[in-house]
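Encoded as structure tokens, the structure appears first; notes follow it.
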Amino acid sequence: MTRPLQAPVRRDPLRRTPRMTLPPAQRGRVAMGLAAAAAEGRFALQVCADCARLQYPPREACVACSSPRLAWRSQGGEGVLLAHTRLEHSNDPYFRERLPWRVGMVRLDAGPCVMAHVHGDVAEPGPPGPPSRVRVTARLDRAGAPVLLALPLEETPHMHDDPMLREMGADPRFRKVLVTDGKSATGQALARALVDAGAERVWLGCAEPWKSAPGLEALSALPQVTPVDLDLGDEGSVRELGARIGGKVDILVSNAEYLRGGGIESPRGTLNARSEMDLHYFGLLRLAQAFAPALRARAADGVAHACAWVNVLSVYALANYPPQGTYSASMAAALSLAQGLRAQLRAGGIRVLNVFPGPIDHEWNQELPPPKLAPRALAAAVVAGLRDGVEDLYPGDVAQEWRERWRADPKGMEHELAMQGAMP
């Protein structure tokens, strides 16, 4: 059984931080479908559109009928562990530093056999007992490449403390987190969820700290929570905080939001657009310049190393919602910047999680009809996304619907939203 993770000992400041090593990242182009599914926490395999053959490993053509019409379809992943072994030696620097690794062969109920990393709580196959049943899932390793994991069917005690599983995710337990906007309902829900998940410390960014905010005083009373001065619109404020705690942050959550409503033709459209772009786009850029180098430098710093950057964006970043036209545009700009940040931080083993919620249930969305996403539900989804090591997260019914419709027919969705914007 997996041993519970122990709180890391205080690091010796005179000891050199080890350099980050990454797993081999070479994958064929055809395997990108597996990576795209793993980025959203799904396990997908190729299915032939002509003969319905399910196949693994990925190929350019169907092994049964040679058809090139192969689509990626999500799978349940249940199967039987046929055999396993434990690697005690490796010539690769990444695996050598993390030995032993347990790997095995799994026959999926859907048909194919796959090689997968095997969780430590999976029982050994074979006599005298029945073969071990497992659930195969796909995760992204620290180089952004897809790997398969064989997990127990049922949750086990301390399951997420397994070294291999923790390596494939960004569990907040025993880590230090910065939440950039601690005054909003979303920021406070995120802070509480992170504390409940075992975060050692949560810094709460507060712009204009002389202004009170509901719930902030009670949250600040928690021993794990520390308010800090942070104004994303002020480059000096961001750089000062980065110099003070940048070398201690393991997970950064960028959740600042400026939402005042109104379309592009609104009398205050230009003023709102400047404020939205300054906070959502330039604020993220300021954070990246102040904190990203420190996170990359600490990506191999012991058990609770720096591991993740979270951007709370909006589903409106995918397609412009005309009643909130300038807000949608600023979120689209922030998304593009976040994708560039992901590419740069990947070289340091830091995972970037982009979150696309639908309308959040707060004061600026009072006039919108339900369904709306509760801040507490958003926070729970973010913590789960960190543990699962995903890259893109769509919490709530609205976000899920938008994602599916946008993928199926982007142009059709654009026209439908334009019609909504034209309604009186």
Side-chain angles (χ1 to χ4, degrees), residues 5 8 17-28 31-32 34-43 87 90-103 115-120 136-151 159-177 247 249-253 288 291-311 338-355 382-393:
L5 183 69
T17 299
R19 295 185 61 183
M20 181 62 198
T21 57
L22 294 176
Q26 293 80 10
R27 299 290 192 278
M32 288 298 101
L34 185 62
E40 295 182 355
R42 297 182 294 111
F43 171 44
L87 300 180
S90 176
N91 292 326
D92 183 86
Y94 174 84
F95 291 105
R96 188 167 61 237
E97 294 173 1
R98 293 162 177 83
L99 293 172
W101 283 81
R102 190 182 179 199
V103 296
M115 287 291 295
H117 296 287
V118 182
H119 191 278
V136 175
T137 185
R139 297 284 180 90
L140 295 178
D141 63 20
R142 300 191 72 182
V147 295
L148 300 183
L149 304 179
L151 307 177
M159 178 174 174
H160 294 282
D161 291 341
D162 181 80
M164 177 191 64
L165 196 58
R166 190 172 171 88
E167 183 73 15
M168 301 296 175
D171 195 319
R173 192 175 182 201
F174 295 134
R175 288 193 160 104
K176 302 178 182 68
V177 187
V249 174
D250 303 317
I251 300 174
L252 190 148
V253 182
F291 285 89
L295 262 71
R296 287 186 58 171
R298 291 192 49 256
D301 193 8
V303 174
H305 55 77
C307 60
W309 184 301
V310 181
N311 298 305
Q339 291 171 336
L341 178 65
R342 173 182 290 156
Q344 293 194 3
L345 288 181
R346 180 171 290 166
I350 301 296
R351 195 177 307 274
V352 174
L353 168 58
N354 290 332
V355 187
V382 169
V383 170
L386 285 169
R387 282 179 175 155
D388 293 343
V390 301
E391 286 189 345
D392 294 323
L393 189 63

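The basis for the numbers below is simple: all heavy atoms, side chains too, and nothing from hydrogens, waters or symmetry mates. Because the structure is a prediction, the values reported are computed rather than measured.
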Open item on the list: Testing the basics here: between A304 and D250, what is the closest heavy-atom pair and its distance to 0.1 Å?
Closed with: O-OD1, 3.4 Å
TODO: Report the C-alpha separation of L22 and R346 in whole Å, then their side-chain angles, then the decisive distance to 0.1 Å, and conclude whether the side chain to side chain contact (heavy atoms under 4.5 Å, CB included) test is met.
DONE: CA-CA 9 Å; L22 294 176; R346 180 171 290 166; 5.9 Å; no
- [ ] Evaluate the ring planes of F95 and W101, with Trp represented by its six-membered ring, and classify them as parallel (under 30°), tilted (30 to 60°) or perpendicular (over 60°).
- [x] perpendicular
TODO: May I ask you to decide if G247's main-chain N or O and R298's side chain share a donor-acceptor pair within less than 3.5 Å?
DONE: yes
Open item on the list: Run R166 and R173 through side chain to side chain contact (heavy atoms under 4.5 Å, CB included) and show every step you take.
Closed with: CA-CA 10 Å; R166 190 172 171 88; R173 192 175 182 201; 4.1 Å; yes
Task: For the student: nearest non-hydrogen atoms of A150 and A116, plus distance - done: N-CB, 4.1 Å
Open item on the list: H117 vs V103, test: side chain to side chain contact (heavy atoms under 4.5 Å, CB included). Steps then yes/no.
Closed with: CA-CA 4 Å; H117 296 287; V103 296; 3.8 Å; yes
TODO: Kindly compute the distance separating CG (L148) from CZ (F43), expressed to the nearest 0.5 Å.
DONE: 5.5 Å
- [ ] Enter the distance from L87:CG to R98:CZ here, rounded to the nearest 0.5 Å.
- [x] 14.5 Å
Task: Validation row: V355, V382 side chains within 4.5 angstrom (heavy atoms) - done: yes
- [ ] Kindly give the heavy-atom pair with the smallest separation between H305 and D301, and that separation in Å.
- [x] CB-N, 3.5 Å
Task: Closest non-hydrogen atom pair, V390 against G41 - done: CG1-N, 3.5 Å
Task: Spacing of CG belonging to L149 relative to NE2 belonging to H119, to within rounding of 0.5 Å - done: 9.0 Å
- [ ] Quick one: pull up CD1 in I350 and CD in Q344 and give me the separation to the nearest 0.5 Å.
- [x] 13.0 Å
Task: R139 CZ to E167 CD distance, which is reported to the nearest 0.5 Å - done: 12.5 Å
- [ ] Side-chain contact test, heavy atoms from C-beta onward, threshold under 4.5 Å: evaluate it for L151 versus L165 and give yes or no.
- [x] yes
- [ ] With rounding to the nearest 0.5 Å, note down the distance linking CZ in R351 to CG in L295.
- [x] 13.5 Å
Task: Test side chain to side chain contact (heavy atoms under 4.5 Å, CB included) applied to E391 and L140, N354, L353, the passing residue - done: L140
- [ ] Heavy atoms only: give me the nearest A308-L386 pair and the separation to one decimal.
- [x] CB-CD2, 3.8 Å
- [ ] Heavy atoms only: give me the nearest A299-G348 pair and the separation to one decimal.
- [x] CB-O, 2.9 Å
TODO: In sequence, state the C-alpha distance, the side-chain angles, and the governing distance for V303 and L5, and then conclude on side chain to side chain contact (heavy atoms under 4.5 Å, CB included).
DONE: CA-CA 9 Å; V303 174; L5 183 69; 3.6 Å; yes
